[in-house]
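None of the values given here were measured: they were computed from a predicted structure.
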Amino acid sequence: MSKDMVNHPPHYNNNGVECIDYIQQQLGDNFRYYLEGTAIKYLHRFKYKDKEIEDLQKNQWYVSKLIKELERLETKFKQELMTEARKFIE
């Protein structure tokens, strides 16, 4: 069985905990900045390595994760705004 070095690199999983999940837990709402920076890193360095396609796939992975995180934050913001608006009305 081949290793999936883009979606689940084995060196980023320890005792069933994915490194990315731990980072998200530690950074909270600032996780978006980690994702953005990592996407930039892979986009910048792909042309300097011998695995260009793999680095571009990693860039795509981080950009997709960033989009999902921004959608989550937008939903969270709207919910918090509605909660505050209800308090104001009552």
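L66 and F46 sit in two unconnected hydrophobic clusters of ILVMFWY residues. Membership requires side-chain heavy atoms under 4.5 Å apart, directly or through other members. Neither Y33 nor I67 shares a network with the other; the hydrophobic side chains, linked directly or stepwise wherever heavy atoms of I, L, V, M, F, W or Y lie under 4.5 Å apart, form separate groups for each. Both I23 and L35 sit in one connected hydrophobic cluster of ILVMFWY residues. Membership requires side-chain heavy atoms under 4.5 Å apart, directly or through other members. In the hydrophobic clustering of ILVMFWY residues, with side-chain heavy atoms under 4.5 Å counting as a link, W61 and L27 come out together.
Closest approach of A39 to V63, counting heavy atoms only: CB-CG2, 3.8 Å. Heavy atoms only, all atoms of each residue included: R45 and D55 are closest at NE-OD2, 3.2 Å.
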Given salt bridge (Lys or Arg N to Asp or Glu O under 4.0 Å), test E84 with K87 step by step and report yes or no. CA-CA 5 Å; E84 290 300 314; K87 288 180 187 176; 3.4 Å; yes
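Counting only heavy atoms from C-beta outward, the side chains of L56 and Q60 never approach each other to under 4.5 Å. Looking only at side-chain heavy atoms (C-beta outward), Q79 and M82 stay at 4.5 Å or farther from each other. In this structure, the side chains of I20 and F31 come closer than 4.5 Å at one or more pairs of heavy atoms. Between K41 and K58 there is no side-chain heavy-atom pair separated by less than 4.5 Å.
Legend: salt bridge (Lys or Arg N to Asp or Glu O under 4.0 Å) pairs involving residues 14-30, not counting sequence neighbours, sorted by first then second residue: D29-R72, D29-K76.
Annotation: K49, atom NZ; neighbour count of heavy atoms from other residues, nucleotides and ligands within 6.0 Å is above 12. Around the CG atom of L81, the shell of radius 6.0 Å holds more than 12 heavy atoms that belong to other residues, nucleotides or ligands. Atom NZ of K51 sits in a sparse spot, with 12 or fewer heavy atoms from other residues, nucleotides or ligands closer than 6.0 Å.
Ring geometry for Y48 against H44 counts as tilted: the plane angle lies between 30° and 60°, on a 0 to 90° scale. The aromatic rings of Y62 and Y42 sit parallel, their planes meeting at an angle under 30°, below the 60° perpendicular limit.
A salt bridge links E74 to K78: one of the charged nitrogens lies within less than 4.0 Å of a carboxylate oxygen.
Atom CD of E54 sits about 6.0 Å away from atom CE of M5, to the nearest 0.5 Å.
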